[in-house]
**Q** 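Below you will find the structure I want to go over with you.
All heavy atoms count here, side chains included; hydrogens, waters and symmetry mates do not. Letters go in sequence order (proteins before strands), and every chain restarts at 1.
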Protein chains: 2
Amino acid sequence: MNIGDVAVRSGLPAKTIRYYEDIGLIRPHRSANGYRCFADTDLHKLAFLARARALGFTIEDCRTLMGLYEDDSRASADVKALAQEHLGKIAEKIGDLEAMRDTLRELVECCAGDDRPECPILHGLACGDPKV
Amino acid sequence: MNIGDVAVRSGLPAKTIRYYEDIGLIRPHRSANGYRCFADTDLHKLAFLARARALGFTIEDCRTLMGLYEDDSRASADVKALAQEHLGKIAEKIGDLEAMRDTLRELVECCAGDDRPECPILHGLACGDPKV
DNA sequence: TCTTGACCTTCCAGTAGATGGAGGCTGCAA
DNA sequence: TTGCAGCCTCCATCTACTGGAAGGTCAAGA
């Protein structure tokens, strides 16, 4: 398979696939013409990477996960630990974003949103408290 | 004030303050010795920036917000629109992260997490469905 | 007066994870 | 043969900083 085919099948842009090769996540063979030549295993790996990335794992996590996937003597505890740590980070990010959202929503709700300059949003940003 | 003082008072690292000058968000004067010399208005702006950044606004949004803040003939509608758009993006990110969290949590809950290699997490990443 | 140490300066490089584009080859169909 | 899609490499760019090197400045203490 050429890169265009695996791009379609894996759902990853060709650019990204080349990048993944650059950083050593995959090692496709080359045809005589210099084109990358992807085997089914490569496609499989790319799909794995696409799913792991879609779950928010970092590239380095993906590297580790792929290593574990290919290691028949792995312990599922190692995978679970990695996933749980990531889960914690996701939860933390959600918490941060919810705090932002709540603060911002409060400011937005106080704002008339008309053609006058008075604006509790700017006021809140300037003073740290929209009510003052 | 020197940069160290405004760093403490604004809560922003000195490096970040220099960076904000680099990209034109602030324009502190210089003392004869070449040191940056911050007026109260500069500190005020930095605190504004710190709060806007803490709410997740991009640097470009911050630039716009500061422009609106300094423009006495602004319409609060413009500020509100910007904030609402940002609010939408935050909500979207939260949604994405929640989807990730839910999928990942499901996988994690299926995983024994022991010393055996069988692992629904890896299986889910490989196949797109942990149950298969 | 000298030294020490904290503070300040600029400049360069690096981070994550791609993405965009230039310039140039390859392959296939009309 | 020509044209165009697809592939190649290499370099630059994005966000928002952050780290570090090399060196100037200032104030306090011996």
Side-chain angles (χ1 to χ4, degrees), chain A residues 1-39 42-43 45-46 48-66 86 89-90 93 96-97 100, chain B residues 1-39 42-43 45-46 48-66 85-86 89-90 92-93 96-97 100:
Chain A
M1 274 176 285
N2 282 347
I3 199 166
D5 302 316
V6 283
V8 170
R9 295 202 205 182
S10 67
L12 291 169
K15 272 274 183 194
T16 301
I17 296 172
R18 288 193 197 101
Y19 171 67
Y20 286 174
E21 184 189 12
D22 260 12
I23 60 173
L25 284 177
I26 48 164
R27 287 180 208 288
H29 290 112
R30 295 288 177 138
S31 304
N33 60 13
Y35 285 17
R36 288 171 186 81
C37 176
F38 295 83
D42 295 314
L43 176 56
K45 282 190 187 182
L46 287 170
F48 183 100
L49 288 169
R51 288 194 199 96
R53 290 287 303 130
L55 287 179
F57 285 104
T58 65
I59 290 286
E60 286 317 302
D61 284 345
C62 291
R63 207 187 290 278
T64 306
L65 286 168
M66 285 239 303
H86 181 48
K89 282 180 197 156
I90 292 176
K93 266 189 209 164
D96 291 349
L97 286 170
M100 280 183 198
Chain B
M1 277 176 284
N2 282 346
I3 199 166
D5 302 317
V6 281
V8 170
R9 297 202 204 182
S10 68
L12 291 169
K15 272 273 183 192
T16 301
I17 296 172
R18 287 193 197 100
Y19 172 67
Y20 285 174
E21 184 189 12
D22 261 12
I23 60 172
L25 283 177
I26 49 164
R27 289 179 207 286
H29 290 114
R30 296 289 177 138
S31 305
N33 60 12
Y35 286 17
R36 285 169 187 81
C37 178
F38 295 83
D42 295 314
L43 176 56
K45 282 189 188 183
L46 287 169
F48 183 99
L49 288 168
R51 289 196 198 95
R53 291 287 303 129
L55 287 179
F57 284 104
T58 66
I59 290 285
E60 285 317 301
D61 283 346
C62 291
R63 206 187 289 277
T64 306
L65 286 169
M66 285 239 302
E85 199 187 322
H86 181 47
K89 283 180 197 156
I90 291 176
E92 196 183 323
K93 267 189 207 165
D96 291 348
L97 286 169
M100 282 183 197

**Q** What residues from residues 9-27 of chain A pass a heavy-atom cutoff of under 4.0 Å to DNA chain D?
**A**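 The answer is K15(A), R18(A).
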**Q** Heavy atoms from C-beta onward define the side chain here; which of dC7(D), dG17(C), dC8(D) lies closest to that of R53(A)?
**A**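 Closest nucleotide to the R53(A) side chain: dG17(C).
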**Q** Quick check: do R51(A) and L55(A) have side-chain heavy atoms less than 4.5 Å from each other?
**A**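 They are not in contact (no side-chain heavy atoms under 4.5 Å apart), so the answer is no.
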**Q** Using atom CD1 of I59(B) as one end and atom C1' of dT18(D) as the other, report the distance to the nearest whole Å.
**A**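 Rounded to whole Å, this separation is 14 Å.
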**Q** Whole angstroms only, please: what is the NE2-P distance between H29(A) and dC7(D)?
**A**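 From H29(A) NE2 to dC7(D) P: 19 Å.
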**Q** Any heavy-atom pair between the side chains of L25(A) and K45(A) that's under 4.5 Å?
**A**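 No - every pair of side-chain heavy atoms lies 4.5 Å or more apart.
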**Q** Below 4.5 Å, heavy atoms only, C-beta onward: do F38(B) and L43(B) meet side chain to side chain?
**A**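 Side chain of F38(B) against side chain of L43(B), heavy atoms only: no contact under 4.5 Å found.
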**Q** Once you round to the nearest 0.5 Å, how far does CZ of F57(B) lie from OG1 of T64(B)?
**A**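 Interatomic distance, F57(B) CZ to T64(B) OG1, rounded to 0.5 Å: 10.0 Å.
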**Q** In the structure I gave you, are the side-chain heavy atoms of L46(A) and R9(A) within less than 4.5 Å of one another anywhere?
**A**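 No, side chains not in contact.
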**Q** Whole angstroms only, please: what is the CZ-P distance between F38(B) and dC7(C)?
**A**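 Roughly 15 Å, once rounded to whole Å.
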**Q** Using nucleotides 24-27 of chain C, report all nitrogen or oxygen pairs with the protein that are shorter than 3.5 Å.
**A**
| unit_1 | atom_1 | unit_2 | atom_2 | d |
| --- | --- | --- | --- | --- |
| dT26(C) | O4' | Y35(A) | OH | 3.4 |
| dG27(C) | OP1 | N33(A) | ND2 | 2.8 |

**Q** Flag the pair V6(B) / D42(B) as yes when at least one side-chain heavy-atom distance between them is below 4.5 Å, and no otherwise.
**A**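 V6(B) does not reach D42(B) side chain to side chain.
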**Q** Are more than 12 heavy atoms, taken from residues, nucleotides or ligands other than R27(A), located less than 6.0 Å from that residue's CZ atom?
**A**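 Open.
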**Q** Without decimals, in angstroms, what is the distance between R30(A) CZ and dC7(D) P?
**A**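 Distance, rounded to whole Å: 12 Å.
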**Q** Any side-chain heavy atom of R36(B) sitting closer than 4.5 Å to one from R18(B)?
**A**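 A side-chain contact under 4.5 Å exists here.
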**Q** Nearest whole angstrom, please: distance from the P of dA18(C) to the CG of L46(A).
**A**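 It works out to 12 Å between those atoms.
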**Q** Return no unless some side-chain N or O of R36(A) is found under 4.0 Å from OP1 or OP2 of dG6(D).
**A**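 Negative; the distance criterion is not met.
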